[in-house]
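For the numbers below, each heavy atom of this structure counts, side chains included, while hydrogens, waters and symmetry mates do not. Naming convention: chains lettered A, B, ... in sequence-line order (proteins, then strands); numbering from 1 in each chain.
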Number of protein chains: 2
Amino acid sequence: MELDARKRKVLEAIIIDYIATAEPVGSRTIARKYNLGVSPATVRNEMADLEELGFIEQPHTSAGRVPSDAGYRYYVDCIMERNVLAKEAKVLIEQSYQTKMKQIEELIQLSLKILSSMTSYTSLVVAPQFGKSTLQLIQLMQVEPGKALIIIVTNGGRIENRIIDIPEAVTKTDLEIVSAVLNEKFKGIAVKDWDKIILKAVQSQLLGQHKVFSLALEFLDSLLCDEAEDKVYLAGALNILNQPEFKDISKVKNILELLENEDVVSSMLKDEGEGGIQVRIGTENKHDSIKECSIITATYKLDGKTFGTIGLLGPTRMQYAQAMSILEFLTENLSISLKRL
Amino acid sequence: MELDARKRKVLEAIIIDYIATAEPVGSRTIARKYNLGVSPATVRNEMADLEELGFIEQPHTSAGRVPSDAGYRYYVDCIMERNVLAKEAKVLIEQSYQTKMKQIEELIQLSLKILSSMTSYTSLVVAPQFGKSTLQLIQLMQVEPGKALIIIVTNGGRIENRIIDIPEAVTKTDLEIVSAVLNEKFKGIAVKDWDKIILKAVQSQLLGQHKVFSLALEFLDSLLCDEAEDKVYLAGALNILNQPEFKDISKVKNILELLENEDVVSSMLKDEGEGGIQVRIGTENKHDSIKECSIITATYKLDGKTFGTIGLLGPTRMQYAQAMSILEFLTENLSISLKRL
DNA sequence: GTTAGCACTCTCCTTAGTTGAGTGCTAATA
DNA sequence: TATTAGCACTCAACTAAGGAGAGTGCTAAC
């Protein structure tokens with residue numbers, strides 16, 4: 001759809017003004033503040049057209065106009081200029097990533113904090129899907145007779161551990177042998193490639209030797225099952241309370257409840273269209289409670305492969321340009337820090 | 001302070017009614033609903049006395065009465081009968097603890113969920129202070145050249161790990177030797193007893209042999225420092241939104257912000273008076289944002305020693321008797337499950 | 001000591017009127 | 001033909017006034 005230049009200007013002015021004020025925008029305001037060089041009457045005519053096209057709406061007869069989801073969509077796709085992030089903001093982000101992180105979780109929490117404090121929206125992450133990591137180390141150790149600690153380390157600094165019950169007869173040496181075999185079999189292989197077939201093969205091949213094998217394999221198997229449940233982190237959820245459109249407590253409650261559900265958050269962030277920054281506006285979201293919100297997502301990488309998704313949740317009346325450029329610059333930095341880990 | 005029987009009855013009726021309705025209670029309501037066998041006028045006289053004593057208050061001249069913090073305090077200390085928990089509730093809790101838990105964290109999260117769902121208040125835990133645990137296993141492993149994983153397991157199923165940089169020259173055998181020595185020195189000793197003095201002694205004794213020692217000891221040292229920061233968990237924070245006294249969004253915001261701060265939550269739960277169930281009502285709390293809330297806390301144990309604190313946060317208009325008995329029964333079950341871990 | 005009766009107070013709700021922002025339409029203008 | 005000034009109209013938001021209702025404190029009678 002092509003709009004003529006003036007209509008675009010009017011739409012842009014309405015959106016910018018509404019984003020800033022959260023109040024319906026009138027023709028007079030636009031004509032005066034966004035010097036288009038025409039009278040309010042002319043603007044009114046343009047607005048009537050834009051309304052017919054579905055880009056703006058009137059809350060009630062004698063109010064100003066408010067952008068519709070379609071309006072925001074057009075703005076994001078066709079009007080908005082991709083903001084170049086201010087130097088100070090870049091420096092701020094880069095400095096924040098200077099501190100040495102020890103764990104991948106710390107790094108993610110840090111990223112969320114930066115995002116939320118810079119944008120004052122809610123920031124979300126679905127963490128490294130386990131399946132995409134490759135194994136660096138697997139080790140079994142005796143904790144006390146009858147109990148063993150099994151621990152696996154993957155690239156990106158992720159560590160998983162569990163204590164399992166083992167037969168009392170199993171010795172430390174047994175555990176070391178098992179560890180050695182498992183390391184040999186799985187080291188350097190992506191977790192998602194340890195599919196059931198490989199597991200089964202190893203299992204049938206080695207089962208006779210030690211009961212511990214089957215227990216260890218059980219653990220690995222359960223890890224594979226857990227893989228489906230991505231880990232979710234979020235920060236700045238309470239920023240929602242600052243938005244005037246959410247002064248109604250029941251709306252806020254619905255959103256915050258949604259955010260407490262990891263599966264939901266994970267599905268919210270999953271983007272079909274790979275690559276780059278995705279924007280989902282208002283009703284484009286599946287979940288009812290966030291049909292008045294927009295979500296901006298980006299992916300971060302490790303070893304060149306997409307590793308996880310990080311996103312921002314705000315009202316549809318969102319600072320799209322600014323938020324997108326912050327998110328973009330931050331994911332770059334996150335990916336770099338992740339590699340250094 | 002001693003109140004005569006009828007004043008106690010009136011106060012009790014006011015509190016029970018107010019807890020149920022969240023509306024100021026009038027003399028007529030009490031006389032009729034809580035059949036005291038006297039007329040509203042008599043009740044009014046009693047109420048005037050109770051107000052003078054500071055146990056109840058009037059929001060405005062022609063409203064009913066509302067309990068004051070002092071009123072709740074008197075009720076909890078002197079009037080309230082300690083509820084015996086209903087069989088069904090006990091069964092519910094016991095059943096919930098049947099499922100086999102693998103990690104202490106899971107166990108705590110489960111407890112919080114039970115608490116919040118049964119009471120519809122917010123439930124809080126400050127987790128096992130590290131210092132109270134005893135070491136079961138400490139182990140160093142090579143992950144890749146130049147990087148080692150250090151892992152320690154304590155009783156109660158707590159596992160801590162970190163990846164540290166080591167000189168590339170360090171071999172697997174070196175790490176095993178170091179692990180063996182550390183295990184020998186520290187196994188079975190409470191973390192808080194590895195005080196700086198012991199650490200220093202070990203350090204000076206062994207430093208010459210391997211650089212890895214100093215790195216490992218550094219890790220242990222940093223664990224000791226981290227000890228001060230208790231881990232905090234919470235569940236059901238959004239239950240606050242259901243309370244009519246918190247329909248004002250700014251109050252809610254203040255409380256939820258407070259709950260996001262781990263140090264604050266930790267200090268809220270710390271109870272000076274050891275043992276048993278503690279109740280802190282309204283202004284008895286230090287933090288301004290929760291001066292309209294009450295907190296009930298209890299401690300749970302491992303090996304006979306107090307291990308952590310679990311608590312409930314609700315409006316001062318709280319179901320004290322019920323909440324206390326649920327909390328009491330739950331901590332017993334939690335302590336038992338913890339031992340089984 | 002208890003109670004009925006009554007005047008009084010104060011919040012809450014409803015109604016009506018006023019204000020102001022903003023619109024759409026029409027006719028005049030460039 | 002596109003633009004604009006003018007004007008009547010609409011509707012939310014605010015304010016003021018007038019009950020209605022709940023509850024009190026006081027007094028006098030029981």
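Taking atom CZ of residue A/Arg44 and atom P of nucleotide D/dA5, one finds them 10 Å apart after rounding to whole Å. Rounded to a whole Å, the CG atom of A/Asp49 is 14 Å from the C1' atom of D/dT3. Rounded to an integer number of Å, the gap from B/Met47 CE to D/dG23 P is 9 Å. Across the protein-nucleic acid pair, B/His60 atom NE2 and D/dA22 atom P stand 13 Å apart, rounded to whole Å. Atom pair A/Glu46:CD and D/dA2:C1' shows a separation of 10 Å (rounding to whole Å applied).
For D/dT3, neither phosphate oxygen OP1 nor OP2 lies less than 4.0 angstrom from any side-chain nitrogen or oxygen of A/Thr42.
Judged by distance alone with a 3.5 Å cut-off, a donor-acceptor contact links the side chain of A/Ser62 to the base of D/dT10.
For the pair A/Ala63 and B/Asn45, both in contact range of DNA chain C, the more 5′-proximal nearest nucleotide belongs to B/Asn45. Residues B/Thr61 and B/Pro40 each lie close to DNA chain C; by heavy-atom proximity, the contact nearer the 5' end of the strand is made by B/Pro40.
Counting heavy atoms from C-beta outward, B/Leu259 and B/Leu124 have side chains that approach closer than 4.5 Å. No side-chain heavy atom of B/Lys9 sits less than 4.5 Å from a side-chain heavy atom of B/Tyr34. Between B/Ile14 and B/Met47, the closest side-chain pair of non-hydrogen atoms falls below 4.5 Å.
A/Glu12 has no carboxylate O lying under 4.0 Å from a charged side-chain N of A/Arg8, or vice versa, which leaves the two without a salt bridge.
Between the side chain of B/Lys286 and the main chain of B/Met268, no donor-acceptor pair closer than 3.5 Å is present.
Residues meeting the ring-ring contact (aromatic ring centres under 6.0 Å, His included) test with A/Tyr121, sequence neighbours left out: none.
Running 5' to 3' along DNA chain C, contacts with non-hydrogen atoms of chain B at under 4.0 Å begin and end at C/dT2 to C/dT11.
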